[in-house]
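Working notes, structure below.
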Amino acid sequence: QVQLVESGGGLVQAGGSLRLSCAASGRTFSSYVMGWFRQAPGKEREFVGAISRSGGSTYYGDSVKGRFTISRDNAKNMVYLQMNSLKPEDTAVYYCAGDPGVVVFTTPARYDYWGQGTQVTVSS
C-alpha cells in the first residue's frame, strides 16, 4: 500500500510554469506505475501523464503533450509534474495516482491509490 501527498499547486498567469510534486510513503514505491490526472469543475477526471516503474517510459494526454513533463525519483519516493506554457484550460485539481502493476494505463479506474489533490489555477 502507498499513501500519496501532492504539493506545488497555486495561481499562475497564462504562459507561466508550475512544478507539482507527489510524495509517496512506503518501501515499494518503485513497484508502482505513477500517473497524474486532473479534474475541472463539472468535468470528468482527465489523464495528464504517467510514468513507468523505472521512469524509462512516459506517456501524456494529447492536451498537455509538449508542455508537461513527468518524472520520478525512486530513491526519494517522489514523482513530479513540470508544467510549462500553462493555459487557462489547464485549471483543475491535479491528482497523483499509483498502480501496483507493470502496464501503464491512462484510465483513472486502473489506479488503486490517490492523493488528495492540489489546485492549479491559470489566469488569462
Side-chain angles (χ1 to χ4, degrees):
Q1 190 170 356
V2 64
Q3 292 183 325
L4 305 171
V5 179
E6 303 96 335
S7 61
L11 174 64
V12 64
Q13 288 188 334
S17 298
L18 278 176
R19 187 195 196 204
L20 304 184
S21 299
C22 175
S25 65
R27 295 173 290 178
T28 59
F29 174 71
S30 60
S31 299
Y32 288 79
V33 168
M34 298 300 297
W36 285 96
F37 293 81
R38 66 186 183 187
Q39 189 164 19
K43 295 188 176 181
E44 293 186 353
R45 195 161 292 191
E46 177 189 12
F47 172 72
V48 174
I51 188 166
S52 63
R53 297 186 300 179
S54 69
S57 298
T58 54
Y59 306 83
Y60 298 95
D62 289 340
S63 61
V64 307
K65 207 170 291 184
R67 300 187 297 124
F68 291 12
T69 303
I70 188 171
S71 61
R72 68 189 296 164
D73 186 336
N74 285 343
K76 296 182 179 179
N77 282 15
M78 296 290 294
V79 62
Y80 307 98
L81 183 67
Q82 177 66 44
M83 305 186 295
N84 298 329
S85 302
L86 283 161
K87 305 175 181 180
E89 51 264 43
D90 294 319
T91 295
V93 177
Y94 283 70
Y95 298 91
C96 172
D99 172 32
V102 177
V103 178
V104 177
F105 293 105
T106 63
T107 52
R110 300 306 299 247
Y111 288 78
D112 294 334
Y113 302 100
W114 292 83
Q116 83 289 349
T118 185
Q119 176 71 46
V120 171
T121 303
V122 184
S123 63
S124 57

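When reading the values below, keep in mind they use all heavy atoms of this one structure, side chains included, and skip hydrogens, waters and symmetry mates.
Taken together through direct or relayed side-chain contacts under 4.5 Å among Ile, Leu, Val, Met, Phe, Trp and Tyr, Val2 and Tyr80 form parts of separate hydrophobic clusters. Val120 and Ile70 fall within the same hydrophobic cluster, where Ile, Leu, Val, Met, Phe, Trp and Tyr residues are linked whenever their side-chain heavy atoms come under 4.5 Å apart, directly or through other members. Side-chain heavy atoms closer than 4.5 Å link hydrophobic residues (I, L, V, M, F, W, Y) into clusters, and following such links, even through other members, never connects Val102 to Val104.
With contacts defined as side-chain heavy-atom distances shorter than 4.5 Å, the pair Lys43/Arg38 does not qualify. The side-chain heavy atoms of Tyr113 and Gln1, taken from C-beta on, include a pair separated by under 4.5 Å. Side-chain contact between Asp112 and Pro100 is present, with heavy atoms from C-beta onward closer than 4.5 Å. Under the 4.5 Å side-chain criterion, counting only non-hydrogen atoms from C-beta, Val79 is in contact with Trp36.
Between Phe68 and Tyr94, the two ring planes are tilted [angle within 30° to 60°].
At distances below 3.5 Å, at least one donor-acceptor pair connects side-chain atoms of Ser54 with backbone N or O atoms of Gly56. The backbone N or O of Gly26 lies less than 3.5 Å from a partner atom in the side chain of Asn77, making a donor-acceptor pair.
Ring pair Phe37/Trp114: centre-to-centre distance below 6.0 Å.
Nearest heavy-atom pair, Val33 versus Val103, reported as atom, atom and distance to 0.1 Å: CG2-O, 3.9 Å. Contact between Pro88 and Thr91 at its shortest, heavy atoms only, is O-OG1, 2.9 Å. When every heavy atom of Leu18 is checked against every heavy atom of Leu86, the shortest pair comes out as N-CD1, 3.8 Å.
Relative to the six-membered ring of Phe29, Arg72 meets both conditions, a distance below 6.0 Å and an angle of at most 45° to the axis. No cation-pi contact links Arg53 to Tyr32, judged by a cut-off of 6.0 Å to the six-membered ring centre and 45° from its axis.
Rounded to the nearest 0.5 angstrom, Ser57 OG and Ile51 CD1 are separated by 8.5 Å. Taking CE of Met83 as the reference point, atom CG of Asp90 lies at 7.5 Å (rounded to 0.5 Å). Interatomic distance, OH of Tyr60 versus CZ of Phe47, reported as 9.0 Å (0.5 Å rounding). Arg19 CZ to Asn84 CG: the interatomic distance, rounded to the nearest 0.5 Å, is 11.5 Å. Once rounded to the nearest 0.5 Å, the distance linking CZ of Arg110 with CZ of Phe105 reads 3.5 Å. Rounding to the nearest 0.5 angstrom, the gap separating the CD atom in Gln116 from the SG atom in Cys96 is 9.5 Å.
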Could you walk me through whether Tyr95 and Gln39 pass the side chain to side chain contact (heavy atoms under 4.5 Å, CB included) check? CA-CA 8 Å; Tyr95 298 91; Gln39 189 164 19; 4.2 Å; yes
Kindly determine whether Ser21 and Glu6 satisfy side chain to side chain contact (heavy atoms under 4.5 Å, CB included), including the steps that lead there. CA-CA 6 Å; Ser21 299; Glu6 303 96 335; over 6 Å; no
CA sep, side-chain torsions, deciding dist, call: Leu20, Thr118, side chain to side chain contact (heavy atoms under 4.5 Å, CB included): CA-CA 8 Å; Leu20 304 184; Thr118 185; 4.0 Å; yes
Test log, rule side chain to side chain contact (heavy atoms under 4.5 Å, CB included), inputs Gln82 and Ser17: CA-CA 8 Å; Gln82 177 66 44; Ser17 298; 4.0 Å; yes
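In summary, the side chains of Ser63 and Glu89 do not present any donor paired with an acceptor at a separation below 3.5 Å, with no hydrogens or angles considered.
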